[in-house]
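What follows is a single structure, written as structure tokens, with notes after it.
The analysis underlying the following values was restricted to heavy atoms, covering all of them including side chains, and did not include hydrogens, waters or symmetry mates.
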Amino acid sequence: MDTIFALATVQGKSGVAVIRLSGPSAHGAATRLCGTLPPFRMASLRALKDNDGAVLDRALVISFGDKASFTGEDVVEFHVHGSRAVIGSVLRALSKIEGLRQAEPGEFTRRALENGRLDLSEVEGLADLIDAETEAQRRQALRVFSGDLTAQTEAWRRDLIRAAALLEATIDFADEDVPVDVSPEVRDLLAEVTRGLSTQIKGVAAAERIRDGFEVAIVGATNVGKSTLLNRLAGRDAAITSEIAGTTRDVIEVRMDIGGLPVTFLDTAGLRDTTDKVEGIGIQRAIDRARGADLRVFLQEEDEVLDLSPVEGDIVLRPKADQRKVKTGAVSGVTGEGIDELIEAINVHLSECVAGAGIATRERHRHVMVRAMECIESAENLISSGPESTDLAAEELRSAIRSLEALIGRVDIESVLDEIFSSFCLGK
């Protein structure tokens with residue numbers, strides 16, 4: 001096994017940068033730079049020197065044994081000053097040591113998986129935690145990374161193993177008197193697992209929305225203040241505004257945090273009849289993106305008819321509240337009137353959308369759980385058909401168990417590993 005190294009913190013200038021080594025030669029290689037290593041899991045100040053004895057930096061050094069490290073291997077971390085020059089000099093010194101090489105993206109985490117420090121669902125949770133931009137994303141990712149999905153999967157697996165064992169006991173003693181009918185207990189176990197799986201399957205869509213974010217389209221005719229409203233929400237001039245109709249011709253996107261949820265606001269072209277070919281393309285794009293959005297905010301007069309109509313759940317407001325005597329139900333991007341109410345309405349709507357989110361967060365999770373459910377349902381049908389189908393029912397339960405093992409990466413995971421780890425940075 002190679003010993004790998006990489007910068008574990010962000011590229012560029014920083015107060016402190018962490019350079020990580022992992023592998024069988026990590027301790028020996030680190031000793032060549034800093035002389036002696038401190039006791040495991042204790043930080044100590046050391047001078048890092050190159051092969052010629054020139055001091056590269058004075059850094060905190062922390063070492064870990066293979067039984068208590070992130071990767072399950074010998075690990076050393078150099079906490080150096082975060083200038084590009086210092087980082088570059090330490091990385092060059094490490095690259096000259098025989099047996100060391102630069103880590104590939106996600107390789108530290110991949111080794112943690114291979115060495116049993118993390119399972120596949122925890123790796124996915126870690127990836128989401130690194131990418132988290134909002135509080136809801138952080139909380140969701142941390143639950144998965146902390147092992148909540150693993151614990152739930154293990155509970156389901158134990159119940160299925162118990163149910164399969166009961167069925168197999170009746171097969172083994174088919175020619176003898178079995179004092180107890182096991183089918184009621186088996187059915188209870190399967191019903192409990194089915195309820196749990198069903199809840200998590202239903203919650204995947206909401207969990208994915210937390211991870212991937214929502215789209216909210218601002219829709220209306222030309223010159224009703226859509227771009228001005230977007231700029232007010234964003235707190236900056238994200239969109240060009242003018243009194244000239246048709247200024248916005250393409251969809252402008254602004255990413256925001258609304259109540260801890262990731263939201264992309266879409267400023268769309270004004271809806272109107274036009275002979276301008278380019279503007280017509282923009283209007284059609286506006287309609288297409290608005291239809292596909294999770295929520296639409298219409299800036300629309302009460303008797304106004306647009307090419308796109310609100311549906312249940314959409315927010316309809318009167319535009320340009322600053323120019324109206326009656327402010328109720330209106331919003332203004334110029335003065336900010338009605339903005340707080342609009343944000344609250346968006347927050348309430350999106351919070352309802354994610355209310356059923358569970359700890360299964362990916363389409364892969366849903367697919368595996370659906371497959372396990374199908375096997376359990378097949379087993380229940382076989383049990384109901386009579387004792388002669390008991391062996392087939394037990395095999396279906398074994399298939400369900402294997403599906404759940406794929407959920408946490410014990411089997412059938414090679415096809416997803418490369419995709420997962422490609423999203424990690426070099427130092428993770």
(message) With rounding to the nearest 0.5 angstrom, report the CG to CD1 distance, L233 to I346.
(response) 6.5 Å
(message) Donor-acceptor check, side chain of R232 to backbone of V334, threshold 3.5 angstrom: yes or no?
(response) yes
(request) In plain terms, say whether R289 and E253 are close enough for a salt bridge, that is, a side-chain N and a carboxylate O under 4.0 Å apart. (result) yes
(request) Measure across L190 and A163 and return the closest heavy-atom pair with its distance rounded to 0.1 Å. (result) CD2-CB, 4.0 Å
(message) With side-chain contact (heavy atoms from CB on, under 4.5 Å) as the criterion, how do F265 and I258 come out once you've worked through the C-alpha distance, each side chain's angles and the decisive distance to 0.1 Å?
(response) CA-CA 11 Å; F265 281 95; I258 301 292; 4.2 Å; yes
(request) Measure the SG-CG distance between C34 and L56 for me, rounded to the nearest 0.5 Å. (result) 11.5 Å
(message) Tell me if the NE2 atom of H79 is crowded by more than 12 foreign heavy atoms within 6.0 Å.
(response) yes
Only pairs under 3.5 Å count here: list side-chain donor-acceptor contacts from residues 376-384, not counting sequence neighbours, and write none if there are none.
residue, atom, partner, partner atom, Å
N381, ND2, E377, O, 3.3
S384, OG, E380, O, 3.1

(request) Measure the CD-CG distance between E396 and L160 for me, rounded to the nearest 0.5 Å. (result) 12.0 Å
(request) State, yes or no, whether a side-chain contact exists between V368 and S403 at a heavy-atom distance under 4.5 Å. (result) yes
(request) Kindly say whether P38 contributes a backbone atom to a donor-acceptor pair with the side chain of S63 at under 3.5 angstrom? (result) yes
(message) If we ignore hydrogens and angles and just use 3.5 Å, is the side chain of S351 paired with the main-chain N or O of V348 as donor and acceptor?
(response) no
(request) State, with a plain yes or no, whether a side-chain heavy atom of W156 is found less than 4.5 Å away from one of Q200. (result) yes
(message) Between S83 (side chain only) and V86 (backbone N and O only), is there a donor and an acceptor less than 3.5 Å apart?
(response) yes
(request) Considering only NZ, NE, NH1 and NH2 on the basic side and carboxylate oxygens on the acidic side, decide whether R402 and E405 come within less than 4.0 Å. (result) no
(request) Over all heavy atoms of both residues, which pair between R371 and A406 is shortest? Give the atoms and the distance, please. (result) NH2-CB, 4.1 Å
(message) My understanding is that only one of Q140, Q137, R362 makes a side-chain hydrogen bond (donor to acceptor under 3.5 Å, both in side chains) with D128; could you say which?
(response) R362
(message) Looking at every heavy atom in both A206 and G356, which two are closest together, and how far apart are they?
(response) CB-C, 4.3 Å
(request) Quick one: closest heavy-atom pair of G333 and T228, and the distance? (result) C-CG2, 3.5 Å
(message) Among residues at least two apart in sequence or on other chains, which ones pass ring pair (Phe, Tyr, Trp, His ring centres under 6.0 Å) with H27?
(response) F40
(request) May I ask you to say whether R111 pairs ionically with E107, meaning some side-chain N is under 4.0 Å from a carboxylate O? (result) yes
(request) Please examine the side chains of T109 and L113, heavy atoms only from C-beta on, and report whether any two atoms are closer than 4.5 Å. (result) no
(request) Without swapping roles, check the side chain of T9 against the backbone of V18 for a donor-acceptor pair under 3.5 Å. (result) yes
(request) Determine whether F78 and V76 make a side-chain contact, defined as any pair of heavy atoms from C-beta on separated by less than 4.5 Å. (result) yes
(message) Looking at D52, is its backbone amide N or carbonyl O close enough to the side chain of D50 to form a donor-acceptor pair, meaning the two atoms are under 3.5 Å apart?
(response) yes
(request) Output the distance between atom OG1 (T31) and atom CZ (R46), rounded to the nearest 0.5 Å. (result) 9.5 Å
(message) Working to the nearest 0.5 angstrom, can you tell me the gap between F5 CZ and Q102 CD?
(response) 5.0 Å
(message) Quick check: closest heavy atoms across S22 and T71, and the distance to 0.1 Å?
(response) OG-OG1, 2.8 Å
(request) Would you confirm whether R20, through its side chain, and F108, through its main-chain N or O, come within 3.5 Å as a donor-acceptor pair? (result) no
(message) Within the 3.5 Å criterion, strictly below it, is a donor on S146 or D148 matched to an acceptor on the partner's side chain?
(response) no
(message) Is the positively charged end of R209 above the ring of F214, judged by distance under 6.0 angstrom from the centroid and angle within 45° of the axis?
(response) yes
(message) Would you say that T3 contacts D74 through its side chain, given a criterion of any heavy-atom pair below 4.5 Å between the two side chains?
(response) no
(message) Please check: side-chain N/O of S198 versus main-chain N/O of R195, any donor-acceptor pairing under 3.5 Å?
(response) no
(message) Any side-chain to backbone donor/acceptor pair from D119 onto S121? Under 3.5 Å, distance only.
(response) yes
(request) Could you tell me whether E363 and R366 have a side-chain N and a carboxylate O separated by less than 4.0 Å? (result) yes
(message) Counting C-beta onward and ignoring hydrogens, is there a side-chain heavy-atom pair between L120 and I408 closer than 4.5 Å?
(response) no
(request) Please report the C-alpha distance between L60 and E77 in whole Å, then the side-chain angles of each, then the deciding distance to 0.1 Å, and finally whether the side-chain contact (heavy atoms from CB on, under 4.5 Å) criterion is met. (result) CA-CA 8 Å; L60 285 178; E77 291 182 354; over 6 Å; no
(request) Taking side chain to side chain donor-acceptor pair (under 3.5 Å) as the test, write out the residues that go with S389, two or more places apart. (result) S385
(request) Would you check, one step at a time, whether the test salt bridge (Lys or Arg N to Asp or Glu O under 4.0 Å) holds for R139 with E135? (result) CA-CA 6 Å; R139 289 196 302 267; E135 181 64 13; 3.7 Å; yes
(request) Inspect the contact between E133 and R255 and indicate whether a charged nitrogen and a carboxylate oxygen are less than 4.0 angstrom apart. (result) yes
(message) Quick one, L129 and R138 - any side-chain contact, counting heavy atoms below 4.5 Å?
(response) yes
(message) Does E104 form a salt bridge (Lys or Arg N to Asp or Glu O under 4.0 Å) with R110? I'd like the steps, not just the answer.
(response) CA-CA 10 Å; E104 297 175 356; R110 187 159 190 158; over 6 Å; no
(message) Donor-acceptor check, side chain of R296 to backbone of D314, threshold 3.5 angstrom: yes or no?
(response) no
(request) Report, as yes or no, whether the 6.0 Å neighbourhood of atom CD on E98 holds more than 12 heavy atoms from other residues, nucleotides or ligands. (result) no
(request) Report the distance from atom CG of L7 to atom CD1 of I19, rounding to the nearest 0.5 Å. (result) 6.0 Å
(message) Would you say CZ of R187 has more than 12 non-hydrogen atoms from neighbouring residues, nucleotides or ligands within 6.0 angstrom?
(response) yes
(request) Kindly indicate whether the side chain of L149, heavy atoms from C-beta on, has any atom under 4.5 Å from the side chain of L407. (result) yes
